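Everything quoted here is computed from the prediction, not taken from an experiment. When reading the values below, keep in mind they use all heavy atoms of this one structure, side chains included, and skip hydrogens, waters and symmetry mates.
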Amino acid sequence: MPDTHEWLVTGMDCPSCAAKIKGAVAQLPGIEAVEISVMSRKLRVTATAHATSPADIENRVKSLGYGIEAIAQAGGARTEADEHTTQTAAPWYRTGKGHLVLLTATLLVVAWGLALLLPASGNWPFIVACLAGLIPIALRAFAAIRAGQPFSIEALMTIAATGALFIGAAQEAALVVFLFAVGELLEGVAVSHARDGIRALSTLVPKTALREKNDMMEDVAATELVPGDVVIVRPGDRIPADGKIISGTGGVDESPVTGESMPVTRGPGDPVFAGAINNETALRIQVTRAAADNTIARIIRLVEQAEDSRAPTQRFIDRFSRWYMPSIVGLSALVVAIPPLFFGQAWSVWVYRGLSLLLIGCPCALVISVPAAIASALCAGARHGLLMKGGAVIEATAAIKTVALDKTGTLTMGQPEVTDILCLDQHSTAEVLALAAAVEKASNHPLAQAIVRKAAGMALPPVQDSRAIAGKGVSAMLDGQIITIASPRHAMQDGALSSTAAAQATAMESEGKTVVVLYTGTALALIGLRDEPRQDAQETIRQLRSLGVTPIILTGDNQRTAAAIAAMLHTDYEAELLPEQKQQTIRELAARGPVMMVGDGINDAPALKQATVGVAIGSGTDVALETADAAILRNCITDIPALIRLARSTMSNIRQNVSIALGLKGVFLVTTIIGMTGLWLAIMADTGATVLVTLNALRLLRTKPAGLAQKN
């Protein structure tokens, strides 16, 4: 019978690391399945009993330069939140890759200082700087070779830097090693932040709950709650578990889960989610799901599954090195051996030409061409508030065919605004607004705050006895008369709304607006509120279409609101989507081509990870920003098409760099074989190609994404 074991792997910071570990472990005897997740750092191996021991697997992973620790299979019901809460990351400067960056940077500074102050010192300070950074990389390359993976990016870097040392380009070799170390470190920092984002999800569920038992109240850990338990959730507290309301009616803010922009009224029999916020009255809730299966735990699992199921974009250099390096080495060997062995040529001549060919084939220019372009693009984007987490994200963004946009907080302002005031008696609009604001000014409800904002600067009449009516609205006393603001349904129950006014309210609701009624004995006015589109929303949709990209709205809001916003922006939409439904929709869209998801909430996290590229808008939560592949910090959604344009410009620059590097090498390869060029020109070709691709990459620093966003 096969056995399954789990480990926690440290030092794994990118999909390439995961692929390397998976490939090395899969080669061990008796291995039936290997599953590995960069996000959760978990390695799960199923192997035939006694064929390969857990110690063998651990030794194989350690030989690649990674840490590994077994995860206990038994003991306690740990939730996904628990797993992430216990995983803490060291600061970057305390990691092995951080130490390597600091060491190589210090040695480079010292080497340049000596070159300026003591020119006679020669290249040895740069050789020391190069070797200090190269030795750890070379050790990992040799470990990968022993594990059957000879052409890893570490092997490519080792050959490139070693070749540069042999041709005397010690400064270039040291700089390339340093840049490689920085890139590796940045990947680790980005993944660490993404893990922090997932850990932040766990904080949405309170650590303790007030459980009702034998007519007594007791504080217990939220993880101890089981289906059937009854908990009391006080106003302002988060709901500790998925459940069903037994008693109590009030507004519940479900935005952490559904993305719904308005708190919804929940009462007896209604389901509620773990992590939602109880805004008004005390609720008595019966737990329906255990902690390990609550809404937040499921979202965490969805994020991890999306990370694992999404096919990672392999680094360009890794793909190219699969045939480039073997071809160059093989061709050099043929140049050295065939003429002397078969045609009686002089060995000294053809060894020289073979060595020249190896120098021409030295991939320094090729290695630096891609990271130089990526670094320039990242710097240009960051200066304008566009963040992309690495080269793989840039490459994927350039290929995007569909952009799925969350509605609330992304395409809209994220908070309701007063759109209509329809007076039903002799009062003026200003009088109605001042009266409504006076009644609502003591309330923290988003609708109340919107009305108060609308009345900013107006003189408000004095009211007394302002109080909230649970699940209905707000009332206050003015000159001995009760004035109420409530929904049309409650106004009709109180006999304050005529059938004509009710029809007008229904017409406003059909436009995706939330309607409240201001009334005494009869209705004084209807007030319409809606989360309005951003001013730049229409322009964003237009620019996306001009790029050949199809936009679609995905939202947890109701059908009416979504339809109204989609009609204003002239785009398709999907509404009333829970996180797992958003994720499924993204999966279906991705089957037709690369898809970008743009969102701002925790509820968007699974969809952000499922998408080819997930983009967080700057006004969103920290979790969305950390979970996403890219972020727009200026809170300007026209930067979405700007992000795509920047990525496409970068990929065009990379193609130019590769063409320059390979073109020059191709020309000198032919001239070297026929004896027209020698060793020193081979060195010139390699160095010249490096300079050209670097200068070309630096052109991206002048890119202005805001300007790009305005082009057609």
Can you name the nearest heavy-atom pair linking Ala24 to Arg60, along with the distance?
-> O-NH1, 2.9 Å

Reported CD1-to-CD distance for the pair Ile127 and Gln171, which is rounded to 0.5 angstrom | 11.0 Å

Does Val549 reach the side chain of Lys401, with side-chain heavy atoms less than 4.5 Å apart?
-> no

Between the side chains of Thr10 and Glu69, is a donor N or O closer than 3.5 angstrom to an acceptor N or O?
-> no

Val45/Thr4 under side chain to side chain contact (heavy atoms under 4.5 Å, CB included): CA gap, chis, key distance, verdict | CA-CA 6 Å; Val45 179; Thr4 299; over 6 Å; no

Nearest heavy atoms of Trp347 and Val336, plus distance in Å | CZ3-O, 3.7 Å

Using a 4.5 Å cut-off on heavy atoms from C-beta on, say whether the side chain of Trp350 contacts that of Ile338.
-> no

Let me see the working for Thr612 and Met596 under side chain to side chain contact (heavy atoms under 4.5 Å, CB included), right down to the final yes or no.
-> CA-CA 6 Å; Thr612 311; Met596 174 186 286; over 6 Å; no

Quick one: CD1 on Ile644 to CD on Gln543, what's the gap to the nearest 0.5 Å?
-> 10.0 Å

Interatomic distance, Ile586 atom CD1 to Leu608 atom CG [nearest 0.5 angstrom] | 8.5 Å

Are Val598 and Val403 close enough that some pair of their side-chain heavy atoms sits under 4.5 Å apart?
-> yes

Judged by atom type as modelled, is there a donor-acceptor pair below 3.5 Å linking the side chain of Ser63 to the main-chain atoms of Ala143?
-> no

Here the gap from Asn653 atom CG to Leu700 atom CG, rounded to the nearest 0.5 Å, amounts to 4.0 Å

Under 3.5 Å side-chain donor-acceptor pair for Thr402 and Thr550 | no

Residues which pass side-chain hydrogen bond (donor to acceptor under 3.5 Å, both in side chains) with Ser659, listed by chain and number, not counting sequence neighbours | none

Would you say Ser652's side chain and Arg648's backbone share a donor-acceptor pair under 3.5 angstrom?
-> no

So do the side chains of Leu64 and Arg140 get within less than 4.5 Å of each other, counting heavy atoms only?
-> no

Using modelled atom types only, decide if a donor and an acceptor are shared between the side chain of Asp56 and the backbone of Ser53 within a distance under 3.5 Å.
-> yes

Give every donor-acceptor pair under 3.5 Å between a side-chain atom in residues 131-138 and any protein atom, sequence neighbours left out.
none

Do Arg699 and Gln656 pass the side chain to side chain contact (heavy atoms under 4.5 Å, CB included) test, and can you show the C-alpha distance, the side-chain angles, and the key distance before you say yes or no?
-> CA-CA 12 Å; Arg699 291 191 304 111; Gln656 293 166 9; 3.1 Å; yes

Would you give the length of the straight line joining atom OG1 of Thr650 to atom CD1 of Ile394, rounded to the nearest 0.5 angstrom?
-> 5.0 Å

Can you check whether Glu395 reaches Met651 side chain to side chain, under 4.5 Å on heavy atoms?
-> yes

Does the side chain of Asp629 reach to within under 4.5 Å of the side chain of Lys609, using non-hydrogen atoms?
-> yes

Any side-chain heavy atom of Tyr66 sitting closer than 4.5 Å to one from Val9?
-> yes

Beyond-backbone contact of Ile400 with Val595, side-chain heavy atoms, under 4.5 angstrom = no

d(Glu58 CD, Ile68 CD1) to nearest 0.5 Å is 5.0 Å

Evaluate side chain to side chain contact (heavy atoms under 4.5 Å, CB included) for Phe178 paired with Leu107, printing each intermediate quantity in order.
-> CA-CA 10 Å; Phe178 169 69; Leu107 292 175; over 6 Å; no

